[in-house]
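Owing to the predicted nature of the structure, the values given are computational and were not obtained by experimental measurement.
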Amino acid sequence: MHDTACPAHDGAERQRGAVMSGVEQNVTDPYLWLEEVTDERALDWARAHNSVVVERFASSDRFSELEHRILDMLDTDTKIAYPGRRGSWLYNFWRDAEHPRGLWRRTTFAEYAKESPDWDVLIDLDALATAEDENWVWGGAGVLRPEQSRALISLSRGGADAKVVREFDMATREFIDPADGGFFLPEAKSEMRWIDIDSVYIGTDFGPGSLTDSGYPRIAKRWQRGTELAEAVTVFEGEAGDVAVSAGYDRTPGYERHYIGRATDFFNEDVYLLENDGTLRHLDTPTDASESWYKDWLLVRLKSPWEVGGNSYPAGALLAMNFDKFLSGARDFEVIFTPDAHTSLHGYGWTENHLLLITLEDVQTKLYVVTPGADGWHRESLADTPPMATTSVLNLDPLEGGDEFMLTTSGFTTPATLLTSSVGGDTEQLKQEPGFFDADGIETEQFFATSDDGTQVPYFVIRHRDRKGTPGPTVMSGYGGFEVSRTPAYSGASGMGWLARGGTWVMTNIRGGGEYGPQWHTSVQKANRHKVYEDFSAIAKDLVARGITTADQLGAVGGSNGGLLMGVMLTRYPELFGAIVCQVPLLDMKRYHLLLAGASWIAEYGDPDKPEEWEYLSKYSPYQNAKADVAYPPILLTTSTRDDRVHPGHARKMAALLEEQGHEFWYHENIEGGHGGAADNKQSAFQAGLIYEFFTQMLLERRG
């Protein structure tokens, strides 16, 4: 659940009207009407601004050529069809020019290893959307294990977070009609998980009072096939102030466990085992820790220090214990991983007999295999990993896949490679993506900037070697929130749209992310949020000090929580930038908690209804800090009408305010696509092309 400015709710705001909520009740918001998402007046306003943007940035032959190149890249069948392993089957969701909505399909490993695999198509989403006259966007599939005879398919209209859930028969290739006993949930922020072929756990909108203030399920129920939804049996109820409640079932043979999760805020969750008699057994671990289990083992990844059983364990550590021993009261954990000043745990997962670890060492990945034994856990290197790149482990299936796994590696200028291996076995290349831009001479370097409080903050610079020694047009990207780590990855769009045009690209690793473990994030929550913005501004200054760019030639881009970052750069550090792109942003921090999923992020930002917390929020909230008498760099704001996570009103209102104040701005609203911004590849290509054309005109051409 830890994503971008993250999970959401598609319901109405808790308050509406002409008066702003919070501390200053006497302050009115003249643009509150722009929060009415589908109101025709608001949509007409958005369409009018869209036409200006299209005319300025998306009408030239240069834009069309770039848009088509990006679309060709997204549609090409030469890209890797990344699979998801479930036993002997490899599943994949695929989009291309002939199938813009996509195909859900599967094949065997032997077939997948071929240059041109033969795929068994399960669902043709384009055909389904046409037949049902719906703008379906794929939302995922939950396949019943081990039989793999049924699947719970999630579909959204236009890319929203709210989804319809329908049961699918894998043999007949048809959805099972609810009238014939098929499981079905109407459009909502729902969860449905298999227990067995005739029962599921569900959380959804059951009616008034069944959702949390954040718009997620407050109640978890068990639903039996052949009964009405209203007859589903409640297994747990949370509080309205919680973020969400969920239930699930671990069907590992011999280790079957039912469990409940109650997220009391975005970062804290109580986890319970649900006994057969309906009683709950609380797992007495820190609520901000991440718990997981596999057969006999309980794993606990700490986000804050923990003193238990006479021992002290640091934040970022990974602990292990026999699960039954833990349930009996023992607390003598074995330490599997301990972080240091340069190294954090990025991910982990089980094969049948081993635990694989992915670490970040100054934001570069290393892989290890850890094996439990009679004398403790033994750790050794798993595979060599290239520098200035990210290597990830995927397709672990400990129940049916043995000790096999896959690896994928890519860097800023190195297209992805997919490999297959097993613990102790050979590694073989399965697939290799082609390059989509000329990377000859383009190099990646890592630097560190000193933030205002002395913290060393890393960032990557990607540029042609011929650019060294001469300040040039540069775009820096940032996020800085929710413990989301940003690591090197190939981007054909930025390569075609920016690097190939002579620009320099910068990826920042500011605090708020998880690049150096949980404390890299927790140290800048709420009242310390300003340090995130100080980190980003410090890198901007460092780029100029190193002669990489100048303020007039420096652009910045970020979305969601990163869009808030861009809003703060505009209003607090305008002198550092020549242009800014602000995507699906939070900007009105006085009302963010009242809009869509905003209440779920109070643990990250603070509660503006509390005077002591509005005190620090008010100092950086972009919507409240925009001024007419300050020179701002040109800004492009983008959002989506169908975004039911971060309300489009944030971007709309900020654009209207900047327009009133006379600043140079552009605004574009995608009518579909949800928080991800695009419902299909064509929309993705348009949006990417728009961003790079904006920076080209603002930095490469206007600034000379």
Side-chain angles (χ1 to χ4, degrees), residues 56-57 60 62-63 66 412-413 437 439 441-450 457-478 491 493-510 533-559 562-563 565-583 630-638 658 663-666 688-704:
R56 173 63 185 269
F57 300 106
S60 67
R62 180 174 65 188
F63 172 85
L66 176 61
F412 294 108
T413 58
F437 64 95
I442 297 178
E443 300 176 343
T444 300
E445 302 167 278
Q446 187 181 43
F447 298 103
F448 291 79
T450 303
V457 184
Y459 64 96
F460 292 92
V461 175
I462 306 94
R463 56 180 170 170
H464 197 281
R465 66 170 70 99
D466 293 345
R467 300 297 309 173
K468 294 182 179 181
T470 304
T474 299
V475 173
M476 57 189 294
S477 64
S491 172
S494 62
M496 288 185 278
W498 189 244
L499 294 173
R501 292 180 175 181
T504 295
W505 188 262
V506 174
M507 188 187 79
T508 64
N509 300 110
I510 57 179
Y533 312 128
E534 290 167 0
D535 286 0
F536 198 76
S537 64
I539 294 174
K541 296 170 188 174
D542 200 59
L543 289 166
V544 173
R546 293 181 187 274
I548 294 172
T549 190
T550 63
D552 279 352
Q553 296 180 97
L554 179 58
V557 60
L565 172 67
M566 295 302 105
V568 176
M569 292 303 108
L570 180 80
T571 54
R572 181 174 282 191
Y573 301 98
E575 73 282 358
L576 299 182
F577 301 97
I580 291 175
V581 172
C582 182
Q583 303 168 285
V630 176
Y632 293 151
I635 183 171
L636 169 65
L637 296 115
T638 69
L658 294 174
H663 297 295
E664 185 178 3
F665 83 101
W666 284 268
L690 179 63
I691 290 168
Y692 298 120
E693 180 61 25
F694 174 79
F695 280 131
T696 296
Q697 291 191 31
M698 296 297 109
L699 302 178
L700 277 170
E701 296 176 343
R702 176 186 288 195
R703 310 297 171 183

Hey, does the side chain of H464 reach the backbone of D466 with a donor-acceptor pair shorter than 3.5 angstrom?
-> yes
Note, I539 side chain near F447 side chain (heavy atom, < 4.5 Å) | no
For this output row, return yes or no: ring centroids of W505 and F412 closer than 6.0 angstrom.
-> no
Is the closest side-chain heavy-atom distance between L699 and W498 below 4.5 Å?
-> yes
Is the closest side-chain donor-acceptor distance between R501 and T696 under 3.5 Å?
-> yes
When every non-hydrogen atom of T508 is compared with those of G478, the smallest separation belongs to OG1-CA, 3.4 Å
Least distance between heavy atoms, V630 atom then P574 atom | CG1-CG, 4.0 Å
What are the two closest non-hydrogen atoms of P471 and Q553, and how far apart are they?
-> O-NE2, 3.7 Å
Looking at R56 and E664, does any basic side-chain N land under 4.0 Å from a carboxylate oxygen?
-> no
Residues K468 and E445 bridged, charged N to O under 4.0 Å = yes
Tested for side-chain contact (heavy atoms from CB on, under 4.5 Å) against F665, the lone hit among L570, I635, L636 is I635
Rounded distance (nearest 0.5 Å) linking atom OG1 of T470 with atom CD1 of I548 | 12.0 Å
Between A556 and F577, which heavy-atom pair has the shortest distance, and what is it?
-> CB-CE2, 3.8 Å
Once you round to the nearest 0.5 Å, how far does OG1 of T571 lie from NE2 of H663?
-> 10.0 Å
Indicate the ring-plane relationship of F694 and F57, choosing parallel, tilted or perpendicular according to the 30° and 60° boundaries.
-> perpendicular
Closest non-hydrogen contact found for L66 with G689 is CD2-CA, 4.0 Å
Donor-acceptor pair, S477 side chain versus V475 backbone, under 3.5 Å?
-> no
Kindly determine whether F695 and L700 satisfy side-chain contact (heavy atoms from CB on, under 4.5 Å), including the steps that lead there.
-> CA-CA 7 Å; F695 280 131; L700 277 170; over 6 Å; no
